[in-house]
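Remarks on the structure that follows.
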Amino acid sequence: MEFVTYEIEGQVGIVTINRPKALNALNSQVLDDLNEVIDSVDTDAVRCLILTGAGEKSFVAGADIGEMSTLTKAEGEAFGKKGNDIFRKLETLPIPVIAAVNGFALGGGCEISMSCDIRICSDNAVFGQPEVGLGITPGFGGTQRLARLVGPGMAKQMIYTARNIKSDEALRIGLVNAVYTQEELMPAAKKMAAGIAKNAPIAVRNCKKAINDGLEVTMDEAIVLEEKLFGDCFESYDQKEGMAAFLEKRKVEAFLNK
Ligand code: DAK
């Protein structure tokens with residue numbers, strides 16, 4: 001794979017966008033590689049993914065402006081669809097995805113981080129949606145996910161002004177959950193991922209589905225969704241083991257994803 005690496009540490013997968021010379025900007029090849037890597041993740045064995053960028057300066061500095069600059073309307077739409085399909089795949093992956101944002105997260109970089117379940121960042125991280133300064137709208141879901149995450153008022157301010165924000169402001173508005181030094185970021189991401197991976201996988205998966213799908217429908221419909229996903233956990237080995245361990249005052253031996 002030219003621009004994306006994939007490593008597995010225990011039950012945690014680490015996907016790294018690796019095009020540091022262009023600050024990990026997303027061109028078609030990066031998107032194709034990312035698609036292939038996501039498809040290859042064994043979501044039965046791997047229980048949490050971390051997405052990060054190579055190098056010390058950038059997570060992802062957006063879609064590749066050189067490649068985008070000559071697109072026709074039809075090609076632009078196709079490029080947008082390619083990115084959107086991959087970002088949606090990440091968002092709906094059955095296991096949680098943590099974005100470890102290690103620097104610039106601009107345009108498509110901010111957007112891919114928002115397709116992840118959880119964002120944490122280093123203190124040199126910079127977030128922004130600079131698209132209107134380039135004569136385009138955010139094209140990989142930015143208008144939709146940013147408004148859902150930080151509210152329409154703040155999202156509109158960021159998108160209309162194209163102003164970048166630093167890590168402390170990203171934390172204040174709820175775009176990231178925590179800020180670490182550059183050295184502490186990956187250890188913190190791995191610790192969080194390991195904490196998720198030790199919990200019952202079917203339950204974690206159902207929580208992700210309940211939250212994601214529930215946010216798309218009315219509260220009455222969302223509660224029904226939750227009921228079904230709650231019910232789905234019962235009779236599983238892991239539900240029986242989790243509850244038996246509590247009642248027998250012992251630690252869970254192992255959750256087996258069944
Ligand atoms: N694309 C291509 N190359 C990039 C890049 C990008 N987005 N960002 C950086 N690079 C390259 C630079 O050209 C430079 O390459 P060389 O000149 O060395 O060959 C190298 O990375 C290092 O960058 P700088 O020299 O500029 O580094 P600095 O530290 O001075 O500045 C920076 C870092 C991140 C502030 C700056 O590079 C920058 O402003 N980059 C562009 C940020 C940006 O505007 N990103 C694009 C956002 S727009 C759509 C689908 C998707 C999208 C839109 C529509 N549809 C089709 C529906 C998404 C759009 C976006 O993501």
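Indexing begins at 1, ligand by ligand and atom by atom, following the structure's order. For reference, positions follow the sequence shown, starting with 1.
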Please tell me whether N124 and S122 have a donor and an acceptor in their side chains that are separated by less than 3.5 angstrom. yes

If we count only non-hydrogen protein atoms and require a distance under 4.0 Å, does atom 21 (O) of ligand 1 qualify as touching the protein? yes

Less than 4.0 Å between atom 30 (O) of ligand 1 and some protein heavy atom, yes or no? no

Backbone N/O of F3 and side chain of D33: donor-acceptor pair under 3.5 Å: yes

Members besides V126 in its Ile/Leu/Val/Met/Phe/Trp/Tyr cluster (side-chain heavy atoms under 4.5 Å): L23, F104, L106

Do R148 and M114 have side chains that get closer than 4.5 Å, going by heavy atoms? no

Could you go step by step and tell me if N18 and T16 meet the side-chain hydrogen bond (donor to acceptor under 3.5 Å, both in side chains) rule? CA-CA 6 Å; N18 188 16; T16 306; over 6 Å; no

Is the distance between the ring centroids of F127 and F59 under 6.0 Å? no

Atom 26 (O) of ligand 1: closest protein heavy atom, distance to 0.1 Å, is L23 CD1, 5.0 Å

Quiz question for you: does at least one protein heavy atom lie closer than 4.0 Å to atom 1 (N) of ligand 1? yes

Between M158 and N164, is there a side-chain heavy-atom distance shorter than 4.5 Å? no

Is ligand 1 under 4.0 Å from a heavy atom in the side chain of K21, in the backbone, in both, or in neither? backbone

Side chain proximity check, I38 to L49, heavy atoms < 4.5 angstrom: no

What part of I136, side chain from CB on, backbone N/CA/C/O, both or neither, has a heavy atom under 4.0 Å from ligand 1? side chain

With atom 44 (O) of ligand 1 as the reference point, say which of A105, P130, G139 has the nearest heavy atom. P130

In ligand 1, the atoms that come under 4.0 Å of a heavy atom of G108 are 60 (C), 61 (O)

Could you tell me, atom by atom, which parts of ligand 1 come under 4.0 Å of a heavy atom of K57? 27 (O), 28 (P), 29 (O)

Mode of L134 contact toward ligand 1 - side chain, backbone, both, neither (heavy atoms, under 4.0 Å): side chain

Is any side-chain heavy atom of K208 closer than 4.5 Å to a side-chain heavy atom of P94? no

Sole residue of D168, L185, V179, L171 in side chain to side chain contact (heavy atoms under 4.5 Å, CB included) with D123: V179

Any atoms of ligand 1 less than 4.0 Å from a non-hydrogen atom of A22? List them with their elements. 4 (C), 9 (C), 10 (N), 11 (C), 21 (O)

Pairs of nitrogen or oxygen atoms closer than 3.5 Å, one from T137 and one from ligand 1: do any exist? no

Verify the contact flag for atom 13 (O) of ligand 1, where contact means a protein heavy atom under 4.0 Å away. no

Show me which atoms of ligand 1 lie under 4.0 Å from any heavy atom of F140. 50 (C), 51 (C)

I'd like the name of whichever of G62, A61, G107 reaches closest to atom 43 (C) of ligand 1 through any heavy atom. A61

Check ligand 1 against G76 and write out every atom of the ligand that is under 4.0 Å from a heavy-atom position of the residue. 55 (N), 56 (C), 57 (C)

Are E221 and T218 close enough that a side-chain donor and a side-chain acceptor fall under 3.5 Å? yes

Please name the residue in the list D85, L90, I86 that meets the side chain to side chain contact (heavy atoms under 4.5 Å, CB included) test with N35. I86

Taking only heavy atoms of L106 into account, list the atoms of ligand 1 that are under 4.0 Å away from them. 34 (C), 42 (C)

At under 4.0 Å between heavy atoms, is it the side chain or the backbone of A63 that contacts ligand 1, or both, or neither? both

Answer yes if the side chains of E216 and N212 hold a donor-acceptor pair under 3.5 Å, and no otherwise. no

Per-residue contact class, A25 against ligand 1 - non-hydrogen pairs under 4.0 Å: side chain

Closer than 4.0 Å: a protein non-hydrogen atom to atom 56 (C) of ligand 1: yes

Does the protein put a heavy atom under 4.0 Å from atom 16 (P) of ligand 1? no

Taking only heavy atoms of D64, which atoms of ligand 1 are found under 4.0 Å from at least one of them? 1 (N), 2 (C)

